[in-house]
Amino acid sequence: MNQIVALMVAASVRTTILLFVAAGIALLLRNRAAAVRHALWTAAMAVSLSLPLLSAALPILGVRNPFSVGAFASAAWDRIVGSTFQPDVNRGHETSATSEKNAYASRSLFDVGEISGSAPSDASTATQIREDLLLVWIAGVLLGLLRILRSGIAVIRLRRSATPVSDIRVVSVWKQLERRLTSRNVLVVEAESVSAPGTGGIIRPTIFLPRGAVEWEAIRIRATLAHECAHVGRRDCLAKMLADVGVTLYWFHPLVWYARRRMITESERACDDLVLNNGVRAGRYASVLVETVRASLLQQKGETAGVLSMARRSELETRLVSILDPNRARGRMSSRATLITASGAIVVAVLTSAPHLDAASSEPHRGLQKTVAEPVAGLHSLPTPAKPEKRLRAISAAPVAELHTLPSPGGEPDRRGDSIAGPLSERLTLSAGIMSAARNTATLSGPDSVFAGKLYAQLSRVPTWEGDLVADRSAWALSRQRNGLLIDPLTESLADPDWRVRAYAAWALTVSGASRAVPPLVRLLSDPNWRVRAMAAYAIDGIGDESAAAAMAGMAQDEAWQVRYAVVHFIGTLHSAKYQPLLQAALADRHIAVRQAASEAISEPFSHK
């Protein structure tokens, strides 16, 4: 749900910018042919329609969006890796420390992220607002789709009730123009309910004439049929359908409605230009247009839904000015120009949706695709962390003022807006087989029964917010049981090629109390994916094995504040004067959660062991 709202918000912002640019370009092209401006507006509408789809698809290809679709999910990270290990921190306003009070009052695996049993009411309110907005948007889209469906049905019914024109004068002119202006077979009919000539139908184009049109004078018949055949040749009904879909998707966006109106206006002018280019004099054609509008007004019939009507009263004045202007450019789009416009629209659509590579793919930490695609030969193949003693000495020697602005290209990783910015990127799909295996009670009587019991207790957990993956992670962890054992299979999963599996396994091992899981978790501190490093640090902190102290201290300057937070909390629980310089340095960390954890750790008495 959040992803849909985020995609539409991002697409709406991009569409606003795009249509403003299109309007500016159209202004610059005001002296060019109407066909050129119509192509511009059509391309802009097509790009706007493609934005939501491309925004959703391109991150999967490892491309980052300019307007982060992870904006909503990034806020959820403030409760730590999907209800896992963050105190409730207001990152947007890092001025208050009270939100982190008692953050680790309990070391239970399942109360982390809801430390005091409270999922923030702000998150619930925001979620409710987003749900309401989504429902309103869906309602508008459904109404728009009904309108499009109604228009299509109206054209079909009108065609069935109409009578094919057989008058020799009309047929001869029609066949002549059909060969000249369009390569498609056109059906010309007379309809009782039509007050003015119009064109409808995408697959089976039809020109609708009012009753009695066969009695018109020859020049009026020729001008009218030339205008309507131009619509068919230009495929303006298809362009109008594109515009209708655009206003259906962006029904709340006034610029999209404006773009649709400009598309229809320019299509009428482009057809007028083709009529004049086919030998009809401007003055006579203007008279025909006025006569057509007058006849339509006298019949007092509205425009038929789904039909491009020749007599649009709102555009009469501007069309007459255009028709009678002898200096007006009246060219048509060549095949080459059309191809260039279409290619440009595709390029703009891709660049607008994804202007640069995913931040997750930058070094020193590789992106999601490499993490998932490159098999991990084994935990020992992971790069060895820098010696913690050297890093600790560097921390001790560095001035606090410098540490306050630790270098971090692009800021904190969870603010990059890339493919792993939000906690839901970590979610694994749980099949029916996994859920069935999770319900197997073999581990409850095995050597890992205490650990398994903690996970079983969470299978019925009701998520408190969208990023609460506790129940999912518990089910997945229980499904890894083998012969009544659970810790060993989970430890082996720390070497899985899929980073999400490694993260899930580390999360589950947090309450295992298994010291034998610490060495592979320590090796995961060098994982290229910052989410996995954060989970590994959190798991080591939860297990509380002092043998990992040096390795954890070596991660004190990790780019991810979630890692630094777990490190500071773990070091603080040791109460060792040896690591007091590290905690002092953490008081100047750029993130409030890390500073608060360091402050609480330093307030406890130190041992000189």
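These numbers were taken from a predicted model, which means no experiment stands behind them.
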K.L.:
Between the side chain of R37 and the main-chain N/O of R30, is any donor-acceptor distance below 3.5 Å?
P.N.:
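Flag set: sc R37 to bb R30 pair under 3.5 Å.
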K.L.:
At their closest point, which heavy atom of N529 faces which heavy atom of W499, and how far apart are they?
P.N.:
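Minimum heavy-atom contact is ND2-CD2, 3.4 Å.
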K.L.:
Evaluate side-chain contact (heavy atoms from CB on, under 4.5 Å) for W561 paired with R415, printing each intermediate quantity in order.
P.N.:
CA-CA 11 Å; W561 68 267; R415 287 301 187 91; over 6 Å; no
K.L.:
Under 6.0 Å from the six-membered ring centre of W216 and within 45° of its axis: does the NZ or CZ of R220 meet both?
P.N.:
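Verdict for W216: a cation-pi partner in R220.
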K.L.:
Walk me through whether H591 and Q562 qualify under side chain to side chain donor-acceptor pair (under 3.5 Å).
P.N.:
CA-CA 9 Å; H591 200 283; Q562 293 87 348; over 6 Å; no
K.L.:
In this structure, which one of D468, D498, D472 forms a salt bridge (charged side-chain N to carboxylate O under 4.0 Å, His left out) with R427?
P.N.:
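Option passing the salt bridge (charged side-chain N to carboxylate O under 4.0 Å, His left out) with R427: D472.
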K.L.:
Tell me yes or no: between the side chains of H253 and T16, is some donor less than 3.5 Å from an acceptor?
P.N.:
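Yes - a donor-acceptor pair under 3.5 Å links their side chains.
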K.L.:
Can you tell whether the side chains of R222 and E217 come within less than 4.0 Å, N to carboxylate O?
P.N.:
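Result for this pair is no, no salt bridge flagged.
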K.L.:
Answer yes or no: is there an ion pair linking K240 with D244, defined by an N-O contact shorter than 4.0 Å?
P.N.:
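D244 and K240: salt-bridged.
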K.L.:
Are the side chain of R159 and the backbone of R204 linked by a donor-acceptor contact shorter than 3.5 Å?
P.N.:
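At least one qualifying donor-acceptor pair exists.
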K.L.:
Among all residues two or more places apart in sequence or in another chain, which pass the ring-ring contact (aromatic ring centres under 6.0 Å, His included) test with H38?
P.N.:
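H38 satisfies ring-ring contact (aromatic ring centres under 6.0 Å, His included) with no other residue.
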K.L.:
In this structure, are over 12 heavy atoms from other groups packed under 6.0 Å from F20 atom CZ?
P.N.:
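Result for CZ/F20: open.
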K.L.:
Write down the atom of C237, the atom of G201, and the distance for their closest heavy-atom approach.
P.N.:
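It is CB-O, 3.8 Å.
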K.L.:
Shortest non-hydrogen contact from T292 to P197?
P.N.:
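Closest pair (atom of T292, atom of P197, distance): CG2-CD, 3.6 Å.
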K.L.:
Any salt bridge linking R211 with E192? Criterion: basic side-chain nitrogen under 4.0 Å from a carboxylate oxygen.
P.N.:
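Yes, charged N to carboxylate O under 4.0 Å.
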K.L.:
Answer yes or no: does atom CZ of R284 have more than 12 heavy-atom neighbours from other residues, nucleotides or ligands under 6.0 Å?
P.N.:
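Yes - once you tally the heavy atoms of other residues, nucleotides and ligands closer than 6.0 Å, there are more than 12.
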K.L.:
Let me see the working for R269 and S322 under side chain to side chain donor-acceptor pair (under 3.5 Å), right down to the final yes or no.
P.N.:
CA-CA 8 Å; R269 292 183 181 180; S322 176; 5.0 Å; no
K.L.:
M310 and E228: side-chain contact (heavy atoms from CB on, under 4.5 Å), yes or no, with the steps?
P.N.:
CA-CA 8 Å; M310 182 179 176; E228 301 307 331; 3.3 Å; yes
K.L.:
Identify, with sequence neighbours excluded, every residue that meets ring-ring contact (aromatic ring centres under 6.0 Å, His included) alongside Y258.
P.N.:
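With sequence neighbours excluded, Y258 shows a ring-ring contact (aromatic ring centres under 6.0 Å, His included) to W41, given in chain and number order.
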K.L.:
Please give me the minimum heavy-atom distance between P205 and V232, naming the atom from each residue.
P.N.:
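Looks like CB-CG1, 3.8 Å.
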K.L.:
Pair E559, R533 - check salt bridge (charged side-chain N to carboxylate O under 4.0 Å, His left out), show working.
P.N.:
CA-CA 10 Å; E559 67 167 352; R533 299 196 305 277; 3.6 Å; yes
K.L.:
After noting the C-alpha distance and the side-chain angles of F252 and S12, does the key distance pass the side-chain contact (heavy atoms from CB on, under 4.5 Å) rule?
P.N.:
CA-CA 10 Å; F252 52 87; S12 299; 3.2 Å; yes
K.L.:
Is it true that a side-chain atom of N277 and a backbone atom of R330 form a donor plus acceptor pair closer than 3.5 Å?
P.N.:
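Yes, N277 side chain to R330 backbone: donor-acceptor pair under 3.5 Å.
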K.L.:
Find the distance between CG (L143) and CD1 (I148) and round it off to the nearest 0.5 Å.
P.N.:
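It comes to 11.5 Å.
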K.L.:
At what distance, to the nearest 0.5 angstrom, does OH of Y285 lie from CG of D273?
P.N.:
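It comes to 9.0 Å.
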